[in-house]
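For clarity, every value in this text was computed on a predicted model and none was experimentally measured. Every chain is numbered from 1 and lettered A, B, ... according to where its sequence line falls, protein lines coming before strand lines.
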2 protein chains.
Amino acid sequence: MAETRRRDAAATKAAILASARRGFARSGYDGVGVREIAEGAGVTAMMVNRYFGSKEQLLGEVIAQIMAEPTILTRENIEAPDFAARIATLLVDITAAGDTPLDGFLIMLRSSSEEAAAIARGQIEAHYHRRLTNSLAGDLAPQRAAIVLAVVAGFQLMRQVIGLSALADADPDDLRTLLEPLFRQLLDRHR
Amino acid sequence: MAETRRRDAAATKAAILASARRGFARSGYDGVGVREIAEGAGVTAMMVNRYFGSKEQLLGEVIAQIMAEPTILTRENIEAPDFAARIATLLVDITAAGDTPLDGFLIMLRSSSEEAAAIARGQIEAHYHRRLTNSLAGDLAPQRAAIVLAVVAGFQLMRQVIGLSALADADPDDLRTLLEPLFRQLLDRHR
DNA sequence: TCGGGTTGTCTACGGTCGTAGACTTGGTGG
DNA sequence: CCACCAAGTCTACGACCGTAGACAACCCGA
């Protein structure tokens with residue numbers, strides 16, 4: 001991330017955005033400073049304000065970027081027979097992977113405050129819960145979809161935010177083995 | 001909260017603890033300052049350091065206080081033969097009640113700093129995870145216990161904190177029906 | 001080649017944070 | 001009654017925060 005980069009406004013702006021995304025996901029909005037974000041992009045803190053106006057606007061662009069990305073929660077993925085295994089694998093491998101598709105979720109978790117809960121609820125329902133619900137067959141689809149998200153959120157919370165050692169140090173294969181039947185039970189046609 | 005209190009070390013210490021608990025639950029460890037906490041207790045900021053040593057130790061005592069209160073995961077519940085059904089019922093009922101055992105969860109969720117997460121991790125592992133692990137038969141007991149806690153936490157997060165409508169407005173019986181087999185799968189002897 | 005605008009840095013300001021030591025005030029036991 | 005220790009306040013330090021304006025370096029087109 002610190003490779004020498006020639007003067008390139010677009011590349012610098014993208015580097016700041018990427019560093020901010022990593023930082024917000026790791027420590028929350030208040031947990032990371034603009035100097036640290038800038039350092040991760042190989043520039044000084046003032047570049048953040050020059051390109052994004054303020055730290056708050058930077059957060060807005062990070063969220064906008066995440067929301068614009070494709071999600072695994074497409075109908076064809078959800079309806080695939082191995083979706084339970086795929087989401088379990090994705091969830092377990094988040095830490096090792098350099099790219100983190102669930103950054104948005106982590107940022108919401110770690111930056112959540114009283115007034116942010118409503119925003120988070122709206123975005124979760126629009127971008128995650130509705131897609132999942134529409135692709136589930138059987139009864140109680142909204143509730144089952146919500147519990148799937150709850151399991152994902154709880155696992156992330158305990159493993160990445162709290163750092164519960166039984167999850168942080170566990171063999172990924174074991175975690176997959178335990179998570180997959182949970183998802184399968186929720187995703188399979190109910191009743 | 002600001003009633004005049006005569007010089008009383010125990011009462012002042014309890015007032016600081018209560019104010020800190022409210023503040024941490026509302027804004028997280030980093031979101032509330034010692035001056036604000038002290039003001040909520042009717043004293044000055046230095047009282048925090050005099051009675052608790054540091055803000056970090058204050059958080060430790062707040063969490064310790066919460067951990068000592070009645071909770072879903074008591075030993076007698078864990079050792080009951082129908083624990084999966086009971087924990088599903090208790091989880092749904094307690095979440096619906098909207099009471100203050102949620103404080104501890106809110107604090108952990110909204111405190112993203114490293115030292116706060118470390119304290120929360122230590123308390124969870126000492127009080128919840130260890131009891132649960134010791135009561136589980138079969139392989140992967142620590143991992144299964146941790147995922148049980150993750151499901152509990154995720155459910156509370158989505159239903160109570162985020163307020164996901166599919167969970168907040170759901171019929172409690174339906175939620176119980178969906179949660180119980182998840183817990184049963186994790187709690188029953190594995191392999 | 002050589003300005004000129006873009007790109008990035010340097011220094012600094014006002015504010016808030018957690019914390020510390022010296023000080024003042026109050027309640028109480030002899 | 002009054003001295004004394006506990007209870008609480010005052011002032012301040014050093015560090016970090018987001019932000020700002022002035023300044024230097026670089027690249028490109030003329």
* To do: For residues B/Leu167 and B/Arg159, report the shortest heavy-atom separation together with the two atoms involved.
  => O-NH1, 3.0 Å
* To do: Take the C1' atoms of the five end pairs on each side of the helix from C/dT1-D/dA30 to C/dG30-D/dC1, get both axes, and report the angle to 10 degrees.
  => 10°
Show the atom names and distances, to 0.1 Å, of all donor-acceptor pairs under 3.5 Å that link a side chain in residues 80-92 of chain A to residues at least two apart or in another chain.
| residue | atom | partner | partner atom | Å |
| --- | --- | --- | --- | --- |
| A/Arg86 | NH2 | A/Asn77 | OD1 | 3.1 |
| A/Thr89 | OG1 | A/Ala85 | O | 2.9 |

* In whole angstrom, give the distance that lies between atom CD of A/Glu39 and atom C1' of D/dC16. => 14 Å
* Asked: What integer distance in Å separates A/Lys13:NZ from C/dG8:P?
  -> 13 Å
* Residues in side chain to side chain contact (heavy atoms under 4.5 Å, CB included) contact with B/Ala9, at least two apart in sequence or another chain -> B/Tyr51
Would you be so kind as to tabulate the donor-acceptor pairs closer than 3.5 Å made by side chains of residues 143-151 of chain A, with sequence neighbours excluded?
| residue | atom | partner | partner atom | Å |
| --- | --- | --- | --- | --- |
| A/Arg144 | NE | A/Leu186 | O | 2.9 |
| A/Arg144 | NH1 | A/Ala137 | O | 2.9 |
| A/Arg144 | NH1 | A/Asp139 | O | 2.7 |
| A/Arg144 | NH2 | A/Ala137 | O | 3.1 |
| A/Arg144 | NH2 | A/Leu186 | O | 3.3 |
| A/Arg144 | NH2 | A/Leu187 | O | 3.2 |
| A/Arg144 | NH2 | A/Asp188 | O | 2.9 |

* What residues, two or more places apart in sequence or in another chain, satisfy side-chain hydrogen bond (donor to acceptor under 3.5 Å, both in side chains) together with A/Glu125? -> B/Ser165
* **Separation between CG of B/Leu157 and CD of A/Gln156, rounded to the nearest 0.5 Å** => 11.5 Å
* To do: Find the distance B/Ile37:CD1 to C/dC17:P and express it as a whole number of Å.
  => 11 Å
* To do: Figure out the CZ/P separation between A/Arg35 and D/dA15, and round it to whole Å.
  => 14 Å
* To do: Return the 5'-most residue of the pair B/Ala9, A/Glu36 with respect to DNA chain D, ranking by each residue's nearest nucleotide.
  => B/Ala9
* **Residue list, ring-ring contact (aromatic ring centres under 6.0 Å, His included) with A/Phe155, at least two apart or on another chain** => none
* Length of the CG-C1' vector between A/Asp30 and C/dG18, whole Å -> 16 Å
* Asked: Does A/Thr12 make a side-chain N or O approach to OP1 or OP2 of C/dG8 shorter than 4.0 Å?
  -> yes
* Structure fact -> Comparing nearest nucleotides in DNA chain C, the 5'-proximal residue of the pair A/Asp8, B/Val48 is A/Asp8
* **Rounded interatomic separation in angstrom, taking CZ from A/Phe52 and C1' from D/dT19** => 16 Å
* Between C/dT16 atom C1' and B/Lys55 atom NZ, what is the distance in whole Å? -> 11 Å
* When the distance from CD of A/Gln57 to P of D/dG18 is rounded to whole Å, what number comes out? -> 14 Å
* To do: Would you mind listing every salt bridge (charged side-chain N to carboxylate O under 4.0 Å, His left out) that reaches into residues 175-186 of chain B, with sequence neighbours excluded?
  => B/Asp93-B/Arg176, B/Asp173-B/Arg176, B/Glu180-B/Arg184
* When all nucleic acid strands are considered with a 4.0 Å heavy-atom cut-off, which category describes B/Val34: base, sugar-phosphate, or nothing? -> base
* Residues which pass side-chain hydrogen bond (donor to acceptor under 3.5 Å, both in side chains) with B/Gln123, listed by chain and number, not counting sequence neighbours -> B/His127
* To do: Assign a letter to each nucleotide of nucleotides 20-27 of chain C from its 5' end: B, base within under 4.0 Å of a protein heavy atom; S, sugar-phosphate only; -, no contact.
  => BBB--BB-
* Asked: If you look at every strand shown and take non-hydrogen atoms under 4.0 Å, does A/Tyr51 touch a base, only sugar-phosphate, or nothing?
  -> sugar-phosphate
